[in-house]
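Let me begin by presenting the structure, written as structure tokens, before commenting on it.
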Amino acid sequence: MVSAQLRLKGHTSRTGLRKGYCMGGEASVVTRFAPSPTGFLHIGGARTALFNWLHARHHGGRFLLRIEDTDRARSTPEATQAILDGLRWLGLDWDGEAVSQFSRAERHAEAAKMMLEAGAAYRCYATQEEIEAFRAEAKAAGRPPLFVSPWRDADPATVRDAPFVVRLKAPRTGETVVEDLVQGRIAWANETLDDLVLLRSDGTPTYMLAVVVDDHDMGITHVIRGDDHLTNAARQTLIYRALGWEVPQFAHIPLIHGPDGAKLSKRHGALGLEAYAAMGFVPEAMRNYLARLGWSHGDAEFFTTEQAIEWFSIDKVGKAPARFDLKRLENLSGQHIRAMADPDLLRELEAFAAREHGRQFTDAEREALLKAMPGMKERSKTLVELLEMGRFILGKRPFEPDGKAAKVLDEGAVAMLAKLTEHLQDASWTAPELEAEVRRFAEAEGLSLGKVAQPVRVALCGRTVSPSVFEMMEVIGRDESLARLRDRIGAAA
RNA sequence: GGGCCCUUCGUCUAUCGGUUAGGACGCCAGAUUUUCAAUCUGGAAAGACGGGUUCGAUUCCCGUAGGGCCUGCCA
């Protein structure tokens, strides 16, 4: 994959970031994709990114990227790289530079301080042991294990010379409501929400705080993410309120499950995007497939990215988790390959060959591939298959038949090829005329066309599957075709 | 344990209370055919369950079952 720039920008000034609003009075849309760099970009993350991207592009808004690298132990530059590469491969361009969440720690701490000063947060000196003991006791007594800090109502002036975390002073009564674009109106009784930690005892921000501050500072208008964050939306709403900030629109999309309905695991679909690239899927097909998973536009199944942008509507995303279906992806991939313009497809194939096999094409090969492309692409569902179709151009003599192909070349077939080769010596070398010639030959010999064409195919490319034998002959030319036929005749002799 | 969410053919989905419940992938049969693929025709295939509300529920409400998410000084 293409190498990405790893420089992540940390924004420190709030004002410089709040460009999400345009003059017209109506707030323009700003979305973001905010992965944590602890692994590759899997299919679920890719779809979340796609939905954010589609939503922004549909509304003519902006799509931002933020790397949530506050977990220093698990975050790696390699993972960040893999995510950027994956997004680039999928064709999801983000606006501006990717923001490093870690680099904004000071700003997060500042927000915590604001809440502390406003009395919306408090210092909690409870130790891990005390908290664990509390939970164990609560559980034993059949009470909810939500930790209730004894420091919540302590005099804010009491400052101890001991480690502390900063906790949000969440409301104990009433309810917190999230108006979710996908899930609808969801309410939580506030007693079921605890005083979450904002700042750890080492002064670093937690995810819950960092997300809120960053989304606010980046001017995010729509938070579109996996529905595993649904409960977090309630907690974060509390933080927005404590800070006196406007709460963005939430849209929690269902997660993708494996073919067996269980959560996606490495066993089935949870491969990195690069794995699908290696399987030869074209990005256009991947976008189509992912967009259609959980979202629909009438009966439209096959569509371009431009159409997806035009049609996309976040509130038409379904609530139920969808299963990953490789067959369906393959089918869509085949349709997109067939629909692509030959030069575009050639470029895609060339990039694939270079990336996966380190294979560069020569000018002559490029020309031949382009000529053969119509016949090749209608037989391929993936770039892997397309490359295999092109082996009669990209391979070199002699074309040794593989197992299945060798069986086609029995004694009779070789004798037939010898005879046919003589016939073809002076034939006019275009696909239609070659076909007519071979048909005449087959008829004269009392053979079906298949009995003649199949051995020819094997001689030309060493396989039983390929584009039309006549097209292949035309593309590689008379001399090369006859030479390949003689290779097989000679090999048998 | 508590909170919250989900449930239409095997899979992805359509359905603004009234439809022979539609489409697509996959599958089966046939047509076409130089292989493969594509294409064409036809077919099997669904409202988790139980109650309500209603003249009428897949659609609205409640419950049950099953599945998922959260319940961390992870994100």
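All values below were derived from every heavy atom in this structure, side-chain atoms included, with hydrogens, water molecules and symmetry-related copies excluded. In what follows, chains are A, B, ... by sequence order, proteins preceding strands, each numbered from 1.
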Does the pair [X]/[Y] count as a salt bridge with the N-to-O cut at 4.0 Å?
X: A:Arg379; Y: A:Glu385; answer: no
X: A:Arg440; Y: A:Glu437; answer: yes
X: A:Arg439; Y: A:Glu443; answer: no

Sort out the partner of [N] for me: Watson-Crick or G-U wobble, both distances under 3.5 Å, none otherwise.
N: B:U41; value: B:A29
N: B:U8; value: none
N: B:G1; value: B:U71

Mind checking if [X] touches a base, just sugar-phosphate, or nothing, with heavy atoms under 4.0 Å?
X: A:Glu385; answer: nothing
X: A:Pro144; answer: nothing
X: A:Arg143; answer: nothing
X: A:Leu146; answer: sugar-phosphate
X: A:Ala187; answer: sugar-phosphate
X: A:Arg66; answer: nothing
X: A:Pro145; answer: base
X: A:Ser448; answer: nothing
X: A:Gly226; answer: nothing
X: A:Ala126; answer: base
X: A:Asp202; answer: nothing

- Task: Sequence neighbours left out, what pairs pass ring-ring contact (aromatic ring centres under 6.0 Å, His included) with at least one residue falling in residues 163-194 of chain A?
- Result: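 Qualifying pairs, neighbours excluded: A:Tyr125-A:Phe164.
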
Could you work out which one of [options] sits closest to the side chain of [X]?
X: A:Arg235; options: B:U71, B:U11, B:U13; answer: B:U71
X: A:Ser201; options: B:C73, B:U13, B:C25; answer: B:C73
X: A:Lys327; options: B:C73, B:G26, B:C5; answer: B:G26
X: A:Ile186; options: B:C74, B:C4, B:C6; answer: B:C4
X: A:Gln101; options: B:C73, B:A14, B:A75; answer: B:A75

- Task: Between A:Ala189 and A:Asn232, name the one whose nearest nucleotide on RNA chain B is closer to the 5' end.
- Result: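 This one resolves to A:Ala189.
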
- Item | Of A:Ala322 and A:Gln183, the one whose closest RNA chain B nucleotide lies more 5' |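 The residue whose closest nucleotide sits nearer the 5' end is A:Gln183.
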
Under 3.5 Å donor-acceptor, [X] side chain and [Y] backbone:
X: A:Asn288; Y: A:Glu301; answer: yes
X: A:Tyr289; Y: A:Asp325; answer: yes
X: A:His216; Y: A:Val212; answer: no

For [N], does either OP1 or OP2 sit under 4.0 Å from a side-chain N or O belonging to [X]?
X: A:Thr38; N: B:C74; result: no
X: A:Lys139; N: B:G1; result: no
X: A:Arg323; N: B:U13; result: no

- Query: In whole angstroms, how far is the P atom of B:C6 from the CG atom of A:Asp180?
  - Reply: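 It works out to 10 Å between those atoms.
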
- Query: Quick one: side-chain hydrogen bond (donor to acceptor under 3.5 Å, both in side chains) pairs with a partner in residues 132-150 of chain A, sequence neighbours left out?
  - Reply: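 Qualifying pairs, neighbours excluded: none.
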
- Message: Please tell me whether A:Asp214 and A:His108 have a donor and an acceptor in their side chains that are separated by less than 3.5 angstrom.
- Response: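 A:His108 and A:Asp214 do have a side-chain donor-acceptor pair below 3.5 Å.
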
- Task: May I ask you to check whether A:Asn331 and A:Gln335 show a side-chain donor-acceptor distance below 3.5 Å?
- Result: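 The answer is yes; a qualifying pair exists.
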
- C1'-based separation of B:U41 from B:U7 [nearest Å]: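 Taking atom C1' in both B:U7 and B:U41, they lie 35 Å apart.
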
Please write out each protein N/O paired with an N/O of nucleotides 20-23 of chain B under 3.5 Å, distance rounded to 0.1 Å.
unit_1	atom_1	unit_2	atom_2	d
B:G22	N2	A:Asp299	OD1	3.4
B:G23	N2	A:Arg292	NH2	3.4
B:G23	N2	A:Glu301	OE2	2.7
B:G23	N3	A:Glu301	OE2	3.4

- Message: Check the orientation of A:Phe312 and A:Trp295. Use parallel for under 30°, tilted for 30 to 60°, and perpendicular for over 60°.
- Response: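 Answer is tilted, since the angle falls between 30° and 60°.
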
- Would you please classify the geometry between the A:Tyr240 ring and the A:Phe250 ring as parallel, tilted or perpendicular, with 30° and 60° separating the classes?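 Perpendicular, since the angle between the ring planes exceeds 60°.
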
- Message: Using a 4.0 Å heavy-atom cut-off to protein, can you give one letter per nucleotide of nucleotides 31-49 of chain B, 5' to 3': B if the base is in contact, S if only the sugar-phosphate is, - if neither?
- Response: ---BBBBSS----------

- Return the residues of residues 190-198 of chain A meeting this criterion: a heavy atom under 4.0 Å from some atom of RNA chain B. Order them by number, or give none.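 Close to the strand are A:Thr192, A:Val197.
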
Between N or O atoms, less than 3.5 Å apart, protein on one side and nucleotides 62-69 of chain B on the other: list the pairs.
unit_1	atom_1	unit_2	atom_2	d
B:C69	O2'	A:Asp228	O	3.1

